[in-house]
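Data first, discussion second: the structure below is written as structure tokens.
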Amino acid sequence: MIKSPPQKYNPKQVEEKILKFWAGNEIFKKSIDQRKGCTPYVFLEGPPTANGLPHPGHILTRVMKDLVLRYQTMNGYYILRKAGWDTHGLPVEIEVEKKLGLEDKQAVENFGIKKFNEECKKCVFQYENAWVEMTKRIAFWIDMDNPYITLTNDYIESVWWSLKQAWDKKLLYKGHKVVPYCPRCGTALSAHEISQGYKNVEEPSIFIKFKLKKEDAYFLAWTTTPWTLISNVALAVHPDETYVKIRYNNQILIFAEQRTATILKGQEYELLDGFSGKELEGIEYEPLFDYAKPDKKAWYVVLADFITMDDGTGIVHIAPAFGEDDYNVGKKYDLPVVQLVNPDGTFPDEVKEWKGKFVKDADPSIIEHLQKRGLVEGVHEYKHDYPFCWRCDSPLLYYAMESWFIAMKQVQESLVKNNNQINWYPEHLQQGRFGDFIREVKDWALSRKRYWGTPLPIWTCTDNKCKYEICIGSIKELRELSEKLPEDFELHKPFVDELKIKCPKCKSPMKREEEVIDCWYDSGSAFFAQWHYPFDNKEKFKENFPVDFITEALDQTRGWFYSLLAISTFLFDKYPYKNVLTLGLILDKDGQKMSKSKRNYVDPDIILNKEGADALRWYLVSASAPWMSKRFYEQAVKETLGKFILTFWNSYNFFTTYASLDKFDPKKDIVPYEKRNSLDKWVLSRFNKTIFEVNSFFKKFEIHKAAREIEDFIIEDFSNWYLRRSRKRLWIEEKTSDKLAGYSTMYDVFLGLSKLLAPFIPFITEDIYLNLRTNEMPESVHLCNYIQADDKKINHHLEEGMEKIRALVEAGRALRSKIGIKVRYPLGNAIIVCDKKIEDSIKDLLDLLNEEINVKEITFERDTSKFITKSIKPNYSTLGKRLKEKSKAVVGKIEQMDMKKVYEELIKNKKIVVNIDSEKINLTKVDFEIIETEKEHIARTETEHAILLIDTTITSELKTEGFAREIVRRIQSMRKELDLDVEDRIATQIKVDVDKRAALQDWNDYIKTETRSKDISFTEKPLGKLVKKWKIDELEAEIGISK
RNA sequence: GGGCCAGUAGCUUAGCUUGGUUGGAGCACCCGGCUGAUAACCGGGAGGUCGAGAGUUCGAAUCUCUCCUGGCCCA
């Protein structure tokens, strides 16, 4: 039996009740199990990085994942929903360092790597709990009991296997490369890591002079990083640019001709000579410092193409250890790599002047030193973007480091080919941002000189003659090569470093490369490593590769989306996912990025407790296209709750209140579709159209459009029109078949909506479904099949008719408002003037118009002639223009004529002939203005398809009926004031003027029914629980009611 | 510095693919009405240089270019 729920909707209460219901009945598990054997739809969970508490952005991703998966599950797909946790990496280490107060790598090592990694592991699981709670609360159904976790031996073993594949394909190599390096964290950063930390900073830049060896002249160079001057080994010029030698301020300087204007800013100088960059090649100069003792020839001019004339002097100082371009030039000229900086970013002992000082901090002092020696030509503050460590905020240094790489450039063509097989949403990312990235792909700097991560499984023989290198791809191999592998072990530092491995070639001990790997590689391996492939689950992997669907936020484009494709490409030469939905970022109320430092961060828990998960979910999916950024603030969710969720709930509440009162039984009382009225059929047509639209929008991931389609249907069509117009049907006390038809329709729509909306707002839909379901139906809405549109119920003719009726209602109400007769007072007749086609499309729906504009009768006419007088008057301005001085006479003639006859003649003959002094003048339509006048008591308005006329005559009967409605309205508001239940009956006493009393007698029954009064008595002194005096226009009334 | 995405009423947004009546809603605001109809509903009003400028066209929110602002990505 349908029950009437509480009047007021309490999101938290309902949602917690539903959470219990799901848990108690294992609904999530059943939703998967019942699809066993069905076509799989493979989803891969992008593992959250467990480096902090979840924020609104994470909620969006999880809501969107859940929405799509619920939708597909209901559509009959079998979806495994394995959760995953990304557990390694620098973020975790930073968190632990903070907690333990460890300031740098040395402190970590003093603390002990074993203990440190244990702390990291604990830290990860501490955050996991917060994530699990949030995930459950927003109803993201994912199997968190059997997640893949990147720190497990199984997972690491799979990752090792994949690295061995790369090794065997000669894609894994050790290189020297200039990489952005964080001196504090003591590690190189990957491209996607640096990108997160660019800041616009102002730094000193200096013009610095290098004295030529064989001449009393100087090369003028420019740099923003004075500390690299210590390691300078060359100067570079562009081979094709022109350089000049000038005398300025009693010294001779050499630099690019193009830069003279900027550098000298109009000051006087003498041009001595000019040459191309090529001619300068090989010229030697004196080093600025003597700290470096290079083993190769250094300090001369080299040529390089990368030099621009945009800033500086056209002469660039080269320190191969500290710049990618510098390094490449250095390789070409076989320059020495002078690296006078310690790994922690301080100067070594050789640099006596600044030893132990952090290089960036030494800049001012270096400048001062050079100034004293007269080698600085100018110092300027220079604004530019400089990379900072995304975690610890230290300025990064470019640093030539030994590092392991995956040679992605070698598989670049495959990357492009595989990317072209993927469906990107939105599409522009495929060839745009992502396409650009892989077309210019760089080798993947894989290794990290850190502690908490997947160890790089490469061992090198310690014998200097042998130096054999191996890559271990499984635990089995490890066991075979190591002296003694205990039963219980963890594939982490420091355990793997302490293993005694013997060189397969010379039997000398081997030593592991100390690094761990980039944690992006961990998560990018998820598509096979989650199955412990290839050691286990070979079949399962096959079934689940490539995956059908992944979705993450935009910032993952070059993160996880890339690492998956990269690894899948070199392992299997195949795309790892078929569809990728990229989500927009979550911004604050003012469109700013959410960040902890700005404190513009919204705590999702507050919203979950106040507005609830459904309102939150609905806001996130309906606000804008999935890939557009969204502003997130409580007020927005609050409005969603009020506008949508509560409208939905209150309509439902309205239906159940009456349905339970009448004991409506969906098993027995359902009226067949054919026997329902036009309004019922109309709303079912609209509903099925909505279902159709939702499904087609879903296919394109235009989820916001699907959501808005439903919202429009519920608010406009269903609540504001269908239910409003159905109210009267339910108010009748007998169980009429029309009333049952109404209940049946509402039942169909609510049951249908609970399914249609289940993937979007899983709580409220479940609550509604559980109340409406019969025993034969599945025990949860989430175990139902998704609702499909019934084409047979879509009736375009009816929908068009309703549109016209609603337009007439709108116009009619505006008209009544204009003529100032309250809608409460009925009027006699309304006339619709339209053609036969329009009449046919609306005649079945006329009752709705009758009630809405409150008229007794509506009739159709083909033209307005009965109600409107058409007449004409001369158009003085056109006549005057055309006839000049004759016009006066013509006008005089016309004014004597009967205008009605003139009009008729004009319509008939299209012209009128006027005789002026024997001259015949032809007058046509343009010479007249047509005037339309409504006849007395007729008000007129029009819509696109029809003209609506209302007879405004108020007879005394009509006046009395209006008065009766006034009385009813007063009694109803008194009932409300007494907080009576809908079914409560009352006794009513009324005092009105004697003559009104007589007239009202005729409306006795009407008032009784409308107000559920047992009886009505007219007295001089009304009594009751509530007695009120009313002034109705000019009349006074006193009413008393009691239960 | 380069690339991509976006900019429409105080706020949230539709329309842009494929140029064509007067740029459509919702929230908030003002006036009126209606109500056993809800955090309502109905009618009316006010509120828009469609980010700016130029171009193409008979006609531009829509197409093209330049610029500005914001976001993201890259350097």
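This structure is a prediction, so every number in the text was calculated from the model and none was measured. In what follows, chains carry the letters A, B, and so on, assigned in the order in which the sequence lines appear, proteins first and then strands, with residues in each chain numbered from 1.
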Grab the CD-P distance between A/Glu711 and B/C27 for me, whole Å please.
-> 11 Å
Minimum-distance nucleotide to A/Lys442 side chain [options: B/U38, B/U35, B/A75] | B/A75
Take atom CD of A/Glu702 and atom P of B/G15, then tell me their distance rounded to the nearest Å.
-> 9 Å
Can you give me the N/O atom pairs linking the protein to nucleotides 42-44 of chain B at distances under 3.5 Å, or say none if there are none?
unit_1	atom_1	unit_2	atom_2	d
B/C42	O2'	A/Arg813	NE	3.3
B/C42	O2'	A/Arg813	NH1	3.1

With rounding to whole Å, what would you report as the distance between B/G47 and B/A54 at their P atoms?
-> 25 Å
Is A/Arg1012 touching bases, backbone alone, or none of the nucleic acid, heavy atoms closer than 4.0 Å?
-> nothing
Rounded to the Å, how far apart are A/Leu583 CG and B/C5 C1'?
-> 15 Å
Gap in Å between the two P atoms, one belonging to B/G53 and one to B/G45, rounded | 29 Å
Check against side-chain hydrogen bond (donor to acceptor under 3.5 Å, both in side chains), A/Asn420 and A/Gln431 | CA-CA 8 Å; A/Asn420 289 339; A/Gln431 299 308 331; 2.9 Å; yes
Using the C1' atom on both, measure B/C65 against B/G24 and round to a whole Å.
-> 30 Å
A/Leu554 or A/Leu723, whichever maps to the more 5' nucleotide of RNA chain B | A/Leu723
Are A/Tyr722 and A/Phe713 side-chain neighbours, meaning at least one heavy-atom pair lies under 4.5 Å?
-> no
From B/C73, B/C4, B/A39, pick the nucleotide closest to the side chain of A/His428?
-> B/C4
Which whole-number value in Å describes the distance from A/Leu848 CG to B/C41 P?
-> 19 Å
Determine: side-chain N/O of A/Arg631 to OP1/OP2 of B/U13, distance under 4.0 Å, yes or no.
-> no
In whole Å, what separates the C1' atom of B/A6 from that of B/U12?
-> 15 Å
Rounded distance in Å between the C1' positions of B/A28 and B/C67 | 34 Å
Does any donor-acceptor pair link the side chain of A/Ser719 with the base of B/U38 at a separation under 3.5 Å?
-> yes
When we call it a touch if two heavy atoms are under 4.0 Å apart, what does A/Lys638 touch: a base, just sugar-phosphate, or nothing?
-> nothing
Classify the angle between the aromatic ring planes of A/Tyr562 and A/Trp444 as parallel (below 30°), tilted (30 to 60°) or perpendicular (above 60°).
-> tilted
Whole-Å distance separating the CZ atom of A/Arg816 from the P atom of B/G33 | 13 Å
Please identify each residue that fulfils side-chain contact (heavy atoms from CB on, under 4.5 Å) with A/Arg824, with sequence neighbours left out.
-> A/Lys822, A/Arg965, A/Glu966, A/Arg969, A/Arg970
Does A/Glu634 have any side-chain hydrogen bond (donor to acceptor under 3.5 Å, both in side chains) partners at least two apart in sequence or in another chain, and if so, which?
-> A/Lys610
Between side-chain atoms of residues 805-814 of chain A and protein atoms elsewhere (two or more places apart, or another chain), which donor-acceptor pairs fall under 3.5 Å?
unit_1	atom_1	unit_2	atom_2	d
A/Arg806	NH1	A/Asp717	OD1	3.2
A/Arg813	NE	A/Glu852	OE1	3.0
A/Arg813	NH2	A/Glu852	OE1	3.0

For nucleotides B/U62 and B/G55, find the distance between their P atoms and express it as a whole number of Å.
-> 14 Å
Report the nucleotide, chosen from B/U38, B/G15, B/G36, that has the shortest atom-to-atom distance to any side-chain atom of A/Tyr658.
-> B/G36
B/C5 OP1/OP2 closer than 4.0 Å to side-chain N/O of A/Arg433 | no
Considering only heavy atoms from C-beta outward, does the side chain of A/Val694 approach that of A/Thr690 to under 4.5 Å?
-> yes
Output yes when at least one side-chain N/O atom of A/Lys610 is less than 4.0 Å from OP1 or OP2 of B/A39, else no.
-> no
A/Tyr722 OH to B/A40 P, straight-line distance once rounded to whole Å | 24 Å
Spacing between A/Lys705 atom NZ and B/U13 atom C1', to the nearest angstrom = 13 Å
Pick base, sugar-phosphate or nothing for A/Ala636, based on heavy-atom distances below 4.0 Å to the nucleic acid.
-> nothing
Taking side-chain hydrogen bond (donor to acceptor under 3.5 Å, both in side chains) as the test, write out the residues that go with A/Thr656, two or more places apart.
-> none
Can you tell me how far P in B/U18 sits from the matching atom in B/G2, rounded to whole Å?
-> 29 Å
Looking at every strand, decide which applies to A/Thr647 at a 4.0 Å heavy-atom threshold: base, sugar-phosphate, or nothing.
-> base
Is there a donor-acceptor pair closer than 3.5 Å between any side-chain N or O of A/Lys1043 and the backbone N or O of A/Ala987?
-> no
Which nucleotide in B/U35, B/A14, B/C72 has an atom nearest any side-chain atom of A/Leu585 = B/C72
Answer yes when A/Arg439 and A/Asp436 have at least one side-chain N-carboxylate O distance shorter than 4.0 Å, and no when they do not.
-> yes
Pairing string, 5' to 3', for RNA chain B - Watson-Crick or wobble contacts under 3.5 Å, brackets [ ] where pairs cross, | to another strand | (((((((..((((......[...)))).(((((.......))))).....(((((..]....)))))))))))).
Which sits closer to the 5' end of RNA chain B, A/Glu639 or A/Asp436, going by the nucleotide each is nearest to?
-> A/Asp436
Nucleotide nearest A/Met628 (side chain, heavy atoms from C-beta), chosen from B/A6, B/C34, B/U38 | B/A6
A/Lys1028 versus A/Ser973: any side-chain heavy-atom pair under 4.5 Å?
-> no
Under 6.0 Å between ring centres, would you say that holds for A/Phe760 and A/Trp618?
-> yes
Under 4.0 Å between a side-chain N or O of A/Arg965 and OP1 or OP2 of B/U35?
-> yes
Say you pick atom P in B/U66 and the same atom in B/C5; how far apart are they, in whole Å?
-> 14 Å
Tell me: CZ of A/Phe654 to P of B/A39, nearest whole Å?
-> 14 Å
